[in-house]
Amino acid sequence: MSDRGAWTWPEGVGRHVLDRVDSTNAEAFRLAPHLSGPAWIMARRQEAGRGRRGRAWTDPPGNFAATLLTRPANGPAAAAQLSFIAALAVHEALIRLCGPTLPVALKWPNDVLLNGGKMSGILLESTGSGGHVAALAIGIGVNLAAAPDLGQLEPQATRPVSLKGETGLSVSPDDFLDALAAAFDQWQRQFNAYGFSPIRNAWMARAARLGETLTARTGSSETVGRFEGIDETGSLILTTPRGRQVIPAADIYFSGA
Ligand SMILES: O=C(O)CCCC[C@@H]1SC[C@@H]2NC(=O)N[C@@H]21
């Protein structure tokens, strides 16, 4: 079913595994001054995980929590595109570990869904100023073992799921880190060589609900439209009664999810 253990750790990339931490993103920034190159920081227990838009991210034991600390050379736009690489890498690691029929899909901007429920979230945080990204933390949480309680979530949030709960399959965080680091490295090489175009194509090929109607919400403003895909910067494209809308940042909601 899987080729667990069949990949090698990417050359020149650090690997730090901690028993316990507040947030792997916070730890990545604490470590940053001491790191000479990119590094993955994984924690077996994360006690104050951070989610997008200031939300908390809760990690039941056995779930995956890790951050890739990197220093992208090409500024904030390219840094943001790394979040699509991260989502593709999570998708690929899951397929490699669990087999090609695993029903995983991507939800803009960078969630990974299993059976239509949210199994993984990604949070990018950076330091730097004036268009210069000094350090970028790509934080990745994957519900390998258990989904958080519904009570901890906003009412319209996509139903949280876990790999174990949906499929019965067990994958350890350590095995997942090895698969993820290798997959991320491969997608990043594609990006470095050919730019965002192959990343965009690969992301669209794995996107959930392409062509369906969705709602994009930013603060108090809502846009409802047909999901056409993402543009060359990673922005969401919707066709609405007012025409084509390009949305750089929002939370999206599927009807009936
Ligand atoms: O809201 C989301 O969907 C993003 C969740 C990101 C969670 C991960 S877990 C590892 C890393 N450390 C954090 O504190 N957050 C990210």
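One-based numbering, in listed order, for ligands and for the atoms of each. For clarity, every value in this text was computed on a predicted model and none was experimentally measured.
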Between ligand 1 and the protein, tabulate every N or O atom pair separated by less than 3.5 Å, reporting distance only.
residue  : atom   : partner : partner atom : Å
ligand 1 : 1 (O)  : Arg52   : N            : 2.7
ligand 1 : 3 (O)  : Lys118  : NZ           : 2.6
ligand 1 : 12 (N) : Thr24   : OG1          : 3.0
ligand 1 : 12 (N) : Gln46   : OE1          : 3.0
ligand 1 : 14 (O) : Ser23   : OG           : 2.7
ligand 1 : 14 (O) : Arg50   : N            : 2.7
ligand 1 : 15 (N) : Arg50   : O            : 2.7

*Is the charged tip of Arg209 near the ring of Phe227: under 6.0 Å from the six-membered ring centre and within 45° of its axis?*
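Checked: cation-pi criterion not met.
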
*May I ask you to list the residues sharing a hydrophobic cluster with Phe29, side-chain cutoff 4.5 Å, ordered by chain and number?*
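Leu18, Val21, Leu31, Leu35, Ile41, Leu69, listed by chain and number.
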
*Residues clustering with Val246 (ILVMFWY side chains joined when closer than 4.5 Å, directly or via others)*: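 None; Val246 is a cluster of one.
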
_I'd like to check Phe196 versus Thr233 (side-chain heavy atoms, cut-off strictly below 4.5 Å). Are they in contact?_
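A side-chain contact under 4.5 Å is absent here.
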
_Gln46, Arg30, Arg50 screened by side-chain hydrogen bond (donor to acceptor under 3.5 Å, both in side chains) with Asp22, the one that passes_ =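 One option only clears the test, and that one is Arg30.
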
*Listed by chain and number, what are the side-chain hydrogen bond (donor to acceptor under 3.5 Å, both in side chains) partners of Asn115, not counting sequence neighbours?*
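Glu166.
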
